[in-house]
Amino acid sequence: MEIVILSFTDAGCQMACKVRENFIQSGYRVKVYTLTRFCRLYGFHAFPEDKKSWIGSLWGEKALFFIGAAGIAIRAIAPFVKDKFTDPPVIVLDEKGTFAIPLLSGHVGGGVTLAKVLAEYTGGRAVITTATDVQKKFAADVFAMENGLVITDREEAKKISAGILEKKNTGIFSEFPLLGDVPEELTICGSEEQLEGCCGKIVICERNPRNKKSGVLYLLPRNLYVGMGCKKGTKKEILEAELLKTLEKHGFLPEQIRALGSIDLKREEAGLLELADSLGVEFLTYSAESLQEISAVSSSSEFVRGVTGVDNVCERAAKKMCPDGVMVQEKVCLNQCTAAFVCGEVMVKFRKEEEER
């Protein structure tokens with residue numbers, strides 16, 4: 001997520017220069033906005049005339065860093081605040097860099113982590129107020145974010161964290177290996193049935209259960225790589241409808257998709273580009289020669305080979321994105337498109353105690 005820094009004074013701009021450089025060196029994309037009179041001096045962008053609407057246009061898309069008083073930030077973001085799952089990370093830093101305070105999306109959006117990084121850059125301190133962080137307890141939303149897991153029920157995630165703070169026993173069952181130090185608040189269960197004696201219940205599974213049990217938080221891996229081919233000019237709406245139908249057939253959620261892939265000939269295909277944007281994933285394309293390196297596919301089409309130079313675009317693209325993955329949907333011919341799915345390896349890791357500190 002791109003970082004947008006908002007500064008309002010000369011001292012704030014000086015601090016913005018410092019943290020911008022550090023974040024850029026760490027691989028972040030950063031833009032700084034300030035008052036017009038400071039723009040030429042520091043090479044920053046000027047605030048748009050309608051600042052309120054502008055902040056609304058950034059909401060959910062950019063991480064917002066305010067350098068200045070917390071009140072300025074609160075008044076600026078108040079009309080757009082919704083919930084921690086959709087709000088972006090919002091962080092306030094004072095002009096001297098003494099305190100970095102994550103106001104919103106500390107867990108899901110990574111605000112707490114960004115505040116800690118920011119404090120390291122300035123030599124200051126991250127002011128963390130979230131209960132599970134203060135109490136150094138397991139938080140389901142943080143755990144899911146760090147492991148690339150999809151939270152299927154936000155309310156259940158909240159209940160899990162609340163239960164842990166109330167010292168209620170919480171069990172976890174995973175279809176995948178659990179690595180690292182298991183938090184003392186959790187009990188590892190060998191099956192979903194063993195969770196019945198626990199107040200809090202977490203299940204990590206590859207596919208969305210058809211018959212979900214009440215009171216269970218299901219976490220699904222974001223490990224699905226989708227290869228697609230389509231007729232030229234196929235609309236995004238058609239591609240999306242066909243993809244969602246096929247995902248549902250296999251018990252996958254669209255949130256589990258990590259990347260969408262195809263052949264270079266489709267690099268500028270509007271429908272595929274719009275689909276990737278709608279899913280919030282990368283759109284990766286490969287040359288026919290590169291796709292041909294995939295040794296085996298389930299079916300071949302001479303017609304497709306004649307048009308693209310390769311006999312099976314979708315399977316080869318899916319395998320190219322995840323060479324060691326398992327093909328869970330071989331090439332399927334849909335309305336104006338083809339699709340294939342590959343699942344990547346999943347390993348779930350708990351933080352080590354020193355990482356918590």
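If you're wondering where the values come from, they're calculated on a predicted model, not measured in any experiment. Basis for what follows: all heavy atoms, side chains included, without hydrogens, waters or symmetry-related copies.
Contact annotation: the side chain of V90 never approaches that of P102 to less than 4.5 Å [non-hydrogen atoms, C-beta and beyond]. Side-chain contact between F350 and L178: present, with at least one pair of heavy atoms (C-beta onward) separated by less than 4.5 Å. L291 is listed as a side-chain neighbour of I263, based on a closest heavy-atom distance under 4.5 Å. Q329 is listed as a side-chain neighbour of T246, based on a closest heavy-atom distance under 4.5 Å. Using a 4.5 Å heavy-atom cutoff, the side chains of Y121 and K18 are not in contact. Taking 4.5 Å as the limit, some side-chain heavy atom of R222 sits within range of a side-chain heavy atom of V281. Within the 4.5 Å cutoff, no side-chain heavy atoms of V30 are placed close to those of V4. Counting heavy atoms from C-beta outward, C17 and F44 have side chains that approach closer than 4.5 Å.
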- Item | Intermediate values then yes/no, ring pair (Phe, Tyr, Trp, His ring centres under 6.0 Å), F47 and F8 | CA-CA 10 Å; F47 288 128; F8 305 91; 5.4 Å; yes
- Do E192 and Y218 pass the side-chain hydrogen bond (donor to acceptor under 3.5 Å, both in side chains) test, and can you show the C-alpha distance, the side-chain angles, and the key distance before you say yes or no? CA-CA 11 Å; E192 192 168 343; Y218 292 93; 2.8 Å; yes
- Task: Kindly determine whether R316 and V297 satisfy side-chain contact (heavy atoms from CB on, under 4.5 Å), including the steps that lead there.
- Result: CA-CA 7 Å; R316 292 181 184 277; V297 290; 3.6 Å; yes
- Check against side-chain contact (heavy atoms from CB on, under 4.5 Å), L41 and C13: CA-CA 9 Å; L41 183 61; C13 288; over 6 Å; no
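Between the side chains of Y42 and D10, at least one donor N or O lies within less than 3.5 Å of an accepting N or O. For the 3.5 Å distance criterion, the side chains of T285 and D264 qualify, holding a donor opposite an acceptor. For the residue pair K201/T170, the side-chain donor-acceptor check at 3.5 Å is not satisfied. Under the 3.5 Å distance criterion, with hydrogens and angles disregarded, no donor-acceptor pair is assigned to the side chains of S262 and Y286.
Contact between E315 and E330 at its shortest, heavy atoms only, is OE2-CB, 3.5 Å. The two residues D50 and S53 have their closest heavy-atom pair at OD2-OG, 2.7 Å. In this structure, F80 and A76 approach most closely via the heavy-atom pair CE1-O, 3.6 Å.
A salt bridge links K320 with E293: the distance from a Lys NZ or Arg NE/NH1/NH2 to an Asp or Glu carboxylate oxygen falls below 4.0 Å. Ion pair E248/K245 not flagged as a salt bridge, since none of the NZ, NE, NH1 or NH2 atoms sits closer than 4.0 Å to an Asp/Glu carboxylate oxygen. Between K168 and E166 there is a salt bridge, since at least one side-chain N of the basic residue sits less than 4.0 Å from a carboxylate O of the acidic one. In summary, E2 and K62 engage in a salt bridge, as defined by a charged side-chain N under 4.0 Å from a carboxylate O. Electrostatic pairing of D141 and K158 does not count as a salt bridge here, judged by no charged N lying under 4.0 Å from a carboxylate O.
Distance check: C314 SG to K319 NZ gives 13.5 Å after rounding to the nearest 0.5 Å. With rounding to the nearest 0.5 Å, the separation of SG in C230 from CE in M228 is 7.0 Å. The line from CE of M327 to OG of S298 is 7.0 Å long, rounded to the nearest 0.5 Å. Within the model, atoms OG1 of T338 and CD of E242 stand 11.0 Å from one another, a figure rounded to the nearest 0.5 Å. Rounding to the nearest 0.5 Å places CG of L35 at 10.5 Å from CG of L6. Between the CG atom of N147 and the CE atom of M145 there is a distance of 9.5 Å, given to the nearest 0.5 Å.
Crowding of E282 atom CD: a count of heavy atoms from other residues, nucleotides or ligands under 6.0 Å not exceeding 12. Within 6.0 Å of NZ on K231 lie no more than 12 heavy atoms contributed by other residues, nucleotides or ligands.
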For a quick test of your reading: what N or O donor-acceptor pairs under 3.5 Å do the side chains of residues 271-280 make, sequence neighbours left out?
from : atom 1 : to   : atom 2 : distance (Å)
S278 : OG     : E240 : OE2    : 3.2

Using atom types as modelled, flag every donor-acceptor pair under 3.5 Å from a side chain in residues 182-190 to any protein atom, sequence neighbours excluded.
from : atom 1 : to   : atom 2 : distance (Å)
E185 : OE2    : F138 : N      : 2.5

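No donor-acceptor pair under 3.5 Å is formed between the side chain of R207 and the backbone N or O of F252.
Grouping the Ile, Leu, Val, Met, Phe, Trp and Tyr side chains by contacts below 4.5 angstrom, directly or via other members, places F143 apart from L195.
Screening I101, V19, I3 for a side-chain contact (heavy atoms from CB on, under 4.5 Å) with L118, the sole residue that qualifies is V19.
Under the rule for a side-chain contact (heavy atoms from CB on, under 4.5 Å), the partners of N223 that lie at least two apart in sequence or sit in another chain are E206, P221, Q256, C343, V346.
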